[in-house]
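Inspection log for the structure reproduced underneath, given as structure tokens.
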Amino acid sequence: MALETPEYELISKDDGFEIRRYSEMIIATTSVQADYKSSTSSGFRRIASYIFGGNDKEMKIAMTAPVISDCPSEGLNTFNISFVMPKEYSIDDLPKANTSLVSIEQESLGDVAVLTFGGWATESRSISYQQKLSALLKKSGIESQGGFMVAQFNSPWTLPMFRKNELMVRIINKSSVN
């Protein structure tokens, strides 16, 4: 069964990446101060606990995809990890987490450049794809805004050859795309 994913409009697709305009979404998010691998693992478990009933209503919430985290970069030692909540819920419908480490927020990604890649989204591979997307954006005259994000779509048990990941960054200059 396919998991629900965030809605977006495809603005353009060329030169190996896409420009998307995302609809507003509600996310459950947490910050973890550790290295990338430990942060994503710990953050995933924290938010999974919330959706599996670790909340003030003991309510189970359907899993969605992707799990979004900050992309590793030099000097970064705190990572935000987020799950997108199913679109059937408003921010007022969702229960409060049993821990102050998980918050529920409205998120507006807006216009985003996206580069898709397979395999494991390890720290080194994520950094490599971040550099590739940065170069593609520069070549296209598109300016990024804020930090890069890694979106992982598969369960940990999915074999590398079947995995889907995306490197994402908000953009502010779409002059060469429109």
**OP:** Report the distance from atom CD1 of I68 to atom OG1 of T40, rounding to the nearest 0.5 Å.
**Re:**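 Here the interatomic distance stands at 13.5 Å.
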**OP:** To the nearest 0.5 Å, tell me how far E18 CD sits from K13 NZ.
**Re:**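 Spacing of CD (E18) from NZ (K13) equals 5.0 Å.
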Any idea which heavy atoms bring [X] and [Y] closest together, and the distance?
X: T122; Y: Y36; result: C-CE2, 3.9 Å
X: V84; Y: P6; result: CG2-CG, 3.9 Å
X: Q130; Y: P72; result: OE1-O, 3.4 Å
X: S31; Y: T78; result: CB-CG2, 4.1 Å
X: L167; Y: S126; result: CD2-O, 3.6 Å
X: A151; Y: M168; result: CB-SD, 3.7 Å

Just by distance, do the side chain of [X] and the backbone of [Y] share a donor-acceptor pair under 3.5 Å?
X: S73; Y: L76; result: no
X: Y50; Y: T29; result: no
X: S39; Y: Q33; result: no
X: R125; Y: W120; result: yes
X: R163; Y: S155; result: yes
X: S140; Y: I142; result: no
X: N165; Y: G119; result: yes
X: D111; Y: I19; result: no
X: S128; Y: S124; result: no
X: N55; Y: M59; result: yes

**OP:** Would you indicate whether K138, at its atom NZ, is surrounded by more than 12 heavy atoms from other residues, nucleotides or ligands within a distance under 6.0 Å?
**Re:**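 12 or below, so no.
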**OP:** Would you indicate whether Q106, at its atom CD, is surrounded by more than 12 heavy atoms from other residues, nucleotides or ligands within a distance under 6.0 Å?
**Re:**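 More than 12 heavy atoms, drawn from other residues, nucleotides or ligands, come within 6.0 Å of this atom.
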What about [X] and [Y], same hydrophobic cluster or not, with Ile/Leu/Val/Met/Phe/Trp/Tyr joined at side-chain heavy-atom distances under 4.5 Å?
X: L136; Y: V112; result: no
X: F153; Y: V150; result: no
X: V102; Y: M63; result: yes
X: I172; Y: Y22; result: no

If you define the side chain from C-beta out and look only at heavy atoms, does anything of [X] sit under 4.5 Å from [Y]?
X: L109; Y: M25; value: yes
X: P66; Y: Q152; value: no
X: I26; Y: I104; value: yes
X: Q145; Y: I171; value: no
X: C71; Y: M149; value: no
X: R46; Y: V32; value: yes

Got a salt bridge between [X] and [Y], using NZ or NE/NH1/NH2 to carboxylate O under 4.0 Å?
X: K96; Y: E58; value: no
X: K164; Y: E166; value: yes
X: E7; Y: K87; value: yes
X: K139; Y: D15; value: yes

**OP:** Establish, from distance only, whether the side-chain atoms of N80 and D70 form a donor-acceptor pair under 3.5 Å.
**Re:**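 The answer is yes; a qualifying pair exists.
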**OP:** For the residue pair R45 and S41, confirm or rule out a side-chain donor-acceptor distance under 3.5 Å.
**Re:**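 Looking only at side-chain atoms, S41 and R45 do form a donor-acceptor pair, the distance falling under 3.5 Å.
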Original post:
Can you check side-chain contact (heavy atoms from CB on, under 4.5 Å) on Y89 and I61, steps first, answer last?
Top reply: CA-CA 10 Å; Y89 296 107; I61 300 165; 4.0 Å; yes
Original post:
Is the F148 to Y129 ring centre distance short of 6.0 Å?
Top reply: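 Between F148 and Y129, the centre distance exceeds or equals 6.0 Å.
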**OP:** Apply side-chain contact (heavy atoms from CB on, under 4.5 Å) to I91 and M85, showing your working.
**Re:** CA-CA 9 Å; I91 200 157; M85 296 292 96; over 6 Å; no
Original post:
Between V169 and L137, does a side-chain contact (heavy atoms from CB on, under 4.5 Å) hold up when you go through it step by step?
Top reply: CA-CA 10 Å; V169 69; L137 293 176; 3.7 Å; yes
